[in-house]
Amino acid sequence: MPKLGMQPNRRKALVQATIVEIGATGSLDVTVGQIARRAGMSSALAHHYFGGKDQIFLAAMRHILTAYGQTIRAALVGATDPRDRLNRILRANFAPANFRPEVIGAWLTFYVHAHTVPEAERLLRVYQRRLRSNLLHGLRPLCGARAEEVACLLGALIDGLYLRTALGQGPDGPAAADQVCDVLDRLLEMRR
């Protein structure tokens, strides 16, 4: 008989194990059995809670996106002006919770997965829209008509730094945040 109240803990353990396993391999070339072993349970139990590897991976990405959103919201508390808001958003993208190797590996896999799995594509679009919206909120007062272009460039730069880091060529989180903020400074100076 299953232990009452264990489902949330087991689901969480499977999500965490998925992030670690995918981060270690850099791909979805992991089995439900590997994920379940890392979580300390049977693959049958993992299938019971999620149904399959795609569902576990989507739950892991929802978890990562939720943590990312919490980091952004916490960073924005006390923002004093549009420029401060932008710096906080950019730096939060490279905060330790969001820029761990296993999370970076999961993001890279997520981007690839979004090409073939509609639910992953939907989650990716939600993330991209939120990032764009957050950037535009700070950029419009600073660069007017160029806000859309600058937001697109900053989003691409963030993605690029994640990709380079996944490939072992990128900077650490604080250095990546500094680089993106420096690029923002240059883009804002170009408007003058």
Check: Using 30° and 60° as the class limits, which term best fits the ring planes of Tyr111 and Trp107: parallel, tilted or perpendicular?
Finding: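 Tilted: the ring planes of Tyr111 and Trp107 meet at 30° to 60°.
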About how many Å separate [atom2] of [Y] and [atom1] of [X], when rounded to the nearest 0.5 Å?
{"X": "Arg146", "Y": "Glu149", "atom1": "CZ", "atom2": "CD", "value": "5.5 Å"}
{"X": "Ile35", "Y": "Ile22", "atom1": "CD1", "atom2": "CD1", "value": "5.5 Å"}
{"X": "Met61", "Y": "Ile19", "atom1": "CE", "atom2": "CD1", "value": "8.0 Å"}

Notebook entry, point to check: Does Leu188 belong to the same Ile/Leu/Val/Met/Phe/Trp/Tyr cluster as Ile158, with side-chain heavy atoms less than 4.5 Å apart forming each link?
Noted result: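 Yes, because Leu188 and Ile158 connect within a single hydrophobic cluster, where side-chain heavy atoms sit under 4.5 Å apart.
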Check: With distance as the sole test, does Arg186 use its side chain to make a donor-acceptor pair with the main-chain N or O of Val183 at under 3.5 Å?
Finding: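 No, because the side chain of Arg186 does not come within donor-acceptor range (under 3.5 Å) of the backbone of Val183.
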Check: Looking only at atom types and distance, does a side-chain atom of Lys12 sit under 3.5 Å from a main-chain N or O of Gln7, one as donor and one as acceptor?
Finding: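 No, the answer is negative, given that no donor and acceptor are paired below the 3.5 Å cut-off.
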Next item on the list: Tell me, with the steps shown, if Arg62 and Glu119 meet salt bridge (charged side-chain N to carboxylate O under 4.0 Å, His left out).
Entry: CA-CA 11 Å; Arg62 282 188 204 95; Glu119 180 61 14; 3.3 Å; yes
Checklist line | Phe50 six-ring centre to Arg11 NZ/CZ under 6.0 Å and within 45° of normal | finding: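 Yes, a cation-pi geometry holds between Arg11 and Phe50.
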Item checked: Listed partners of His63 passing ring pair (Phe, Tyr, Trp, His ring centres under 6.0 Å), at least two apart ->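 Not a single residue meets the ring pair (Phe, Tyr, Trp, His ring centres under 6.0 Å) criterion with His63.
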Note to self: Once ring pair (Phe, Tyr, Trp, His ring centres under 6.0 Å) is applied, do any residues pair with Phe99, and if so which ones, sequence neighbours excluded?
What the structure shows: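 Listed in chain order: Phe94, Tyr162.
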Note to self: Restricting to non-hydrogen atoms, name the atom on Leu14 and the atom on Ile56 that form the minimum distance, rounded to 0.1 Å.
What the structure shows: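 The pair with the smallest heavy-atom distance is O-CG2, 4.2 Å.
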Notebook entry, point to check: Above 12 or not: heavy atoms from other molecules or residues under 6.0 Å from CZ of Arg130?
Noted result: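 Not buried by this count: 12 neighbours or fewer within 6.0 Å.
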Item checked: Connected hydrophobic set around Leu163, excluding itself, where side chains approach under 4.5 Å ->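 Via sub-4.5 Å side-chain contacts, Leu163 links to Leu108, Leu167.
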Item checked: For Asp84, salt bridge (Lys or Arg N to Asp or Glu O under 4.0 Å) partners two or more places apart ->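 Applying salt bridge (Lys or Arg N to Asp or Glu O under 4.0 Å) to Asp84 gives Arg88.
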Notebook entry, point to check: Residues two or more places apart in sequence or in another chain: which of them pass salt bridge (Lys or Arg N to Asp or Glu O under 4.0 Å) with Arg140?
Noted result: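 Listed in chain order: nothing, the list is empty.
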Check: In chain order, what residues pass the side-chain contact (heavy atoms from CB on, under 4.5 Å) check against Asn87, with sequence neighbours excluded?
Finding: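 Partners of Asn87 under the side-chain contact (heavy atoms from CB on, under 4.5 Å) test: Arg83, Cys181, Leu184.
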